[in-house]
K.L.:
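Following this message is one structure expressed as structure tokens.
Chain identifiers are assigned alphabetically (A, B, ...) following the order of the sequence lines, protein sequences preceding nucleic acid strands; residue numbering begins at 1 within each chain.
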Amino acid sequence: MLLSRLARVSREVAATSARSRKIALLGGLFRDADAEDAPIVIPYLAGRLPQGRLGVGWKILGQGVPPAAEPTLTVRDVDARLTRIGAVTGVGSQAERKRLVGELLAAATDEEQRFLVALLTGEVRQGALDALAVEGLAEATGAAPADVRRAVMLAGSLRTVARAVLANGPGALDAFRLTVGRPVLPMLAHTASSVAEAVGKLGACAVEEKLDGIRVQVHRDGDVVRIHTRTLDDITGRLPELASAALRLAGERFILDGEVIALDEDGRPRSFQETSGRVGSRLDVATAAAAVPVSPVFFDALSVDGRDLLDLPFTDRHAELARLVPEPMRVRRTLVEGPGDLAAAEAFLAETLRRGHEGVVVKALDSPYSAGRRGASWLKVKPVHTRDLVVLAAEWGHGRRTGKLSNLHLGARNPDGSFTMLGKTFKGMTDAMLTWQTGRLKELAVEDNGWVVTVRPELVVEIAYDGLQRSSRYPAGVTLRFARVVRYREDKRPEEADTVESLLTAHPGAAP
DNA sequence: TTCCGACAGTGGGGTCGCAAT
DNA sequence: ATTGCGACCCCACTATCGGAA
């Protein structure tokens, strides 16, 4: 199949807003892909590279290569070239990658170039990713969408499922079963604003500690342990203490879901940054593990002794977990009968926060494990802080925000009337707010360098955030975590904005 | 007819490792 | 030695479509 066909379909998918039409376009293309093309075409149309990332970014892509006049590139040709580009390492590798990317772009037409650049930078922006590609694949093969979706969850890979179902038809989907050693997409949680809201929605539920660490899925098959992240990357080699903990458990074959977190001597959680740094370090794992040991804390069991537990209610899965994993390695929890039992849930949240953790996850007791979906049966609740800050500057937006001032630079007040930047946010704005703030900030503009518009510090905005974290980027040595706009405070003058001092006082743990 | 679940888009900060400077 | 860059951790929120109620 020619790349030009793919690039054209991608443009057509981007041009329509109707999901049904996007699915039909994707399905039509997949139907024409042969078994060799499919494992390339499908991830491309889901906006992803089969090779994963290649170490190619704007630096290498922005070289301005004149396009080819006629389309000649096939998708298999492109795949082979990209595989070669990804394999380049060592001194001078960036120059060599740049040369190879230049050759590829020179062989591509204008439309193909634009598609390749979008693909390599992860900015396909066609309004269709994995979920719609799954629907398109179902349409192309006559399989039920739910069956394809489940196979993808269990395989942890759309590409593998696509190859099988295109080669052998819908019957091939039955072969995808939960298998120890093969990671599955983890179940995710929605957000609720309070424990009362969460318990009100779920009824009988478990309220569990939410730990601020790294999600892990642990597979053990006899003597072999594999550990995967939320995106299914294999990090077994980075967590030797977790692997040996898994080998000490009483079962021989299982899949567990949980979190790893660094704790201090008193058992209090260390900052997310410390856990993340530890789990991220790859070179000298023994030294890293000695300096910052991490603890596994499990909360679910997906498979035990060859039994697939995914469709069992959470109560039954947890019973299996409790048989296998001793209490200190399980997440702390309390059971709640329903809204009549709210006080117990509130008390548990308060106790969890006192122990230094992030919040709680409220889980329906009767729900199955919805792999790969943000099922509404898990609801996280975290405390939210708010502050009134001042807009110091704003950045021009991209994509659907092109032409709008989007990303705000936020400042807190100093005693002398100046402001200290604490971070940025683009979250929480409605389209109406984007339009309004673009006009208002243009009135306050003192400079526009084409990327950042600096403004007079006069506009006050109420910002919600999850806490302070240490920063080497911002002058106060701290920054806001997950900042988002709540509303503009035109009733407030900048002299009434909150101060750096008050923030540091409110979050003493983060002070530099 | 209205409501709501699922998706995609829009980017935030940090850390690590690698290659270039 | 320092800097720049990409990958991958954590993540909130709004708009939209289309099926469910």
K.L.:
As a quick check of understanding, evaluate salt bridge (charged side-chain N to carboxylate O under 4.0 Å, His left out) for A:Asp233 and A:Arg238, giving each step before the final call.
P.N.:
CA-CA 12 Å; A:Asp233 279 6; A:Arg238 301 186 217 168; 5.8 Å; no
K.L.:
We want to know whether A:Ser271 and A:Glu274 form a side-chain donor-acceptor pair, criterion being a heavy-atom distance below 3.5 angstrom.
P.N.:
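Their side chains do contain a donor-acceptor pair, which is all the 3.5 Å distance test asks for.
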K.L.:
Closer to the 5' end of DNA chain C via nearest nucleotide, is it A:Ile235 or A:Thr430?
P.N.:
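Whichever sits nearer the 5' end wins; that is A:Ile235.
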K.L.:
Could you state the atom-to-atom distance from CZ of A:Arg97 to P of B:dC18 in whole Å?
P.N.:
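Distance check: A:Arg97 CZ to B:dC18 P gives 12 Å.
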K.L.:
Within the 4.0 Å heavy-atom criterion, would you say A:Lys98 contacts the bases, only the backbone, or no part of the nucleic acid?
P.N.:
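Nothing: the residue A:Lys98, judged by heavy atoms under 4.0 Å, touches no strand.
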K.L.:
Indicate yes or no: at least one non-hydrogen side-chain atom of A:Leu26 is less than 4.5 angstrom from one of A:Glu139.
P.N.:
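Sidechains of A:Glu139 and A:Leu26: no contact.
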K.L.:
Could you give the NZ-to-P distance, from A:Lys22 to C:dA15, as a whole number of Å?
P.N.:
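In whole Å, C:dA15 P and A:Lys22 NZ are 18 Å from each other.
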K.L.:
Look at atom NE2 of A:His385 and say whether more than 12 heavy atoms of other residues, nucleotides or ligands are closer to it than 6.0 Å.
P.N.:
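Yes, the 6.0 Å shell around NE2 holds more than 12 heavy atoms from other groups.
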K.L.:
When you measure from the side-chain N and O atoms of A:Arg481 to the phosphate of B:dG12, is any distance below 4.0 Å, counting only OP1 and OP2?
P.N.:
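The answer is no; no side-chain N or O of A:Arg481 sits under 4.0 Å from OP1 or OP2.
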K.L.:
What is the distance, rounded to the nearest whole Å, between atom CD1 of A:Ile85 and atom C1' of C:dA7?
P.N.:
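Roughly 18 Å, once rounded to whole Å.
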K.L.:
Please tell me which of A:Asp431 and A:Glu358 maps to the more 5' nucleotide of DNA chain C, matching each residue to the nucleotide holding its nearest heavy atom.
P.N.:
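Its nearest nucleotide being more 5', the pick is A:Glu358.
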K.L.:
Looking for any heavy atom pair under 4.0 Å, which part of the strands does A:Ala131 touch: base, sugar-phosphate only, or nothing?
P.N.:
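Touches sugar-phosphate only.
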K.L.:
On the 0 to 90° scale, with breaks at 30° and 60°, tag the A:Tyr488-A:Trp436 ring pair as parallel, tilted or perpendicular.
P.N.:
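A:Tyr488 vs A:Trp436 ring planes: tilted.
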K.L.:
Check whether any side-chain nitrogen or oxygen of A:Thr479 sits under 4.0 Å from OP1 or OP2 of B:dG12, and answer yes or no.
P.N.:
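No, because none of the side-chain N or O atoms of A:Thr479 sits under 4.0 Å from OP1 or OP2 of B:dG12.
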K.L.:
Below 3.5 Å, does any donor atom in the side chain of A:Arg19 face an acceptor in the base of C:dT16, or the other way round?
P.N.:
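Side chain to base: pair found, below 3.5 Å.
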K.L.:
Return the value, rounded to whole Å, for the distance between atom NZ of A:Lys424 and atom P of C:dC13.
P.N.:
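From A:Lys424 NZ to C:dC13 P: 20 Å.
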K.L.:
Just how far, in rounded Å, is C1' of C:dT3 from CZ of A:Arg473?
P.N.:
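One finds 14 Å between C1' of C:dT3 and CZ of A:Arg473, rounded.
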K.L.:
C:dC11 P sits how many Å from A:Asn407 CG, rounded?
P.N.:
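Computing the A:Asn407:CG to C:dC11:P distance gives 20 Å.
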K.L.:
Verify the contact: side-chain N or O of A:Thr275 to OP1 or OP2 of C:dC9, cut-off strictly under 4.0 Å; return yes or no.
P.N.:
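For A:Thr275, the contact criterion (side-chain N or O under 4.0 Å from OP1 or OP2 of C:dC9) is not met.
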K.L.:
Return the 5'-most residue of the pair A:Gly423, A:Asp284 with respect to DNA chain B, ranking by each residue's nearest nucleotide.
P.N.:
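Its nearest nucleotide being more 5', the pick is A:Gly423.
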K.L.:
Assign A:Leu132 to base, sugar-phosphate, or nothing according to its heavy-atom contacts below 4.0 angstrom with the strands shown.
P.N.:
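Sugar-phosphate contact only - A:Leu132 comes under 4.0 Å of backbone atoms but never of a base.
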K.L.:
Using a cut-off of less than 4.0 Å, is there contact between a side-chain N or O of A:Arg470 and OP1 or OP2 of B:dG13?
P.N.:
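Checking B:dG13 against A:Arg470, no side-chain N or O comes under 4.0 Å of OP1 or OP2.
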K.L.:
Please state whether the phosphate of B:dG14, meaning OP1 or OP2, lies under 4.0 angstrom from any side-chain nitrogen or oxygen of A:Ser471.
P.N.:
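Checking B:dG14 against A:Ser471, a side-chain N or O does come within under 4.0 Å of OP1 or OP2.
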K.L.:
If you check every side-chain atom of A:Glu395, which of C:dC10, B:dG13, B:dG12 has the closest atom?
P.N.:
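When the side chain of A:Glu395 is considered, B:dG12 is the closest of C:dC10, B:dG13, B:dG12.
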K.L.:
Can you spot which of A:Leu389, A:Val390, A:Val391 makes a side-chain contact (heavy atoms from CB on, under 4.5 Å) with A:Leu408?
P.N.:
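Testing each of A:Leu389, A:Val390, A:Val391 against A:Leu408, the sole residue satisfying side-chain contact (heavy atoms from CB on, under 4.5 Å) is A:Val391.
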K.L.:
Using a heavy-atom cut-off of 4.0 Å across all strands, would you classify A:Asp233 as base, sugar-phosphate, or nothing?
P.N.:
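A:Asp233: backbone/sugar contact only, no base atoms under 4.0 Å.
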K.L.:
For C:dC8, does either OP1 or OP2 sit under 4.0 Å from a side-chain N or O belonging to A:Thr231?
P.N.:
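Answer is no, no contact under 4.0 Å.
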K.L.:
How would you label the contact of A:Ser93 with the nucleic acid (heavy atoms, under 4.0 Å): base, sugar-phosphate, or nothing?
P.N.:
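Sugar-phosphate contact only.
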K.L.:
Which residue lies toward the 5' end of DNA chain B, A:Phe482 or A:Leu283, if each is placed at its nearest nucleotide?
P.N.:
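Here A:Phe482 is the residue nearer the 5' end.
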K.L.:
Of all the nucleotides listed (B:dA19, B:dG14, B:dG12), which has the minimum atom distance to the side chain of A:Gln469?
P.N.:
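In terms of side-chain proximity for A:Gln469, the closest of B:dA19, B:dG14, B:dG12 is B:dG14.
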K.L.:
Do any side-chain nitrogens or oxygens of A:Ser472 fall under 4.0 Å of OP1 or OP2 in B:dG14?
P.N.:
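Answer no for this pair, as no side-chain N or O of A:Ser472 is under 4.0 Å from OP1 or OP2.
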K.L.:
Report the nucleotide, chosen from B:dC16, C:dC11, C:dC9, that has the shortest atom-to-atom distance to any side-chain atom of A:Ser281.
P.N.:
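It is B:dC16.
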K.L.:
What is the separation between atom CH2 on A:Trp436 and atom P on C:dT14, rounded to the nearest whole Å?
P.N.:
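After rounding, the reported distance stands at 17 Å.
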K.L.:
OP1 or OP2 of C:dT14 less than 4.0 angstrom from a side-chain nitrogen or oxygen of A:Lys404, does that happen here?
P.N.:
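False: A:Lys404 side-chain N/O out of range (4.0 Å or more) of C:dT14 OP1/OP2.
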K.L.:
Paired with B:dT21: which nucleotide, if any, by Watson-Crick or G-U wobble criteria at under 3.5 Å for both distances?
P.N.:
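Checking every strand shown, B:dT21 finds its partner in C:dA1, with both distances under 3.5 Å.
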K.L.:
From CD of A:Glu197 over to P of B:dC4, roughly how many Å is that when rounded to an integer?
P.N.:
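Value for this atom pair: 12 Å.
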K.L.:
Checking all strands, does A:Ala18 fall into the base, sugar-phosphate, or nothing category for heavy-atom contacts under 4.0 angstrom?
P.N.:
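Contact class for A:Ala18: sugar-phosphate only.
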K.L.:
Does A:Arg484 put a side-chain nitrogen or oxygen below 4.0 Å from OP1 or OP2 of C:dC13?
P.N.:
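So the side-chain polar atoms of A:Arg484 do come within 4.0 Å of the phosphate oxygens OP1 or OP2 of C:dC13, strictly under.
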K.L.:
Taking the minimum atom-to-atom distance to the side chain of A:Leu129, which one of B:dA8, B:dG11, C:dC8 wins?
P.N.:
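Of B:dA8, B:dG11, C:dC8, B:dA8 is nearest to the side chain of A:Leu129.
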K.L.:
Does A:Glu123 CD have over 12 foreign heavy atoms under 6.0 Å away?
P.N.:
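Counting neighbours around CD of A:Glu123, more than 12 heavy atoms of other residues, nucleotides or ligands fall under 6.0 Å, so yes.
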K.L.:
Does A:His398 have a side-chain nitrogen or oxygen under 4.0 Å from the phosphate oxygens OP1 or OP2 of B:dG11?
P.N.:
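Checking A:His398 against B:dG11: at least one side-chain N or O falls below 4.0 Å of OP1 or OP2.
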K.L.:
Out of A:Leu45, A:Leu25, A:Val165, A:Thr141, which residue meets the side-chain contact (heavy atoms from CB on, under 4.5 Å) rule with A:Phe30?
P.N.:
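Of the listed residues A:Leu45, A:Leu25, A:Val165, A:Thr141, the side-chain contact (heavy atoms from CB on, under 4.5 Å) partner of A:Phe30 is A:Leu45.
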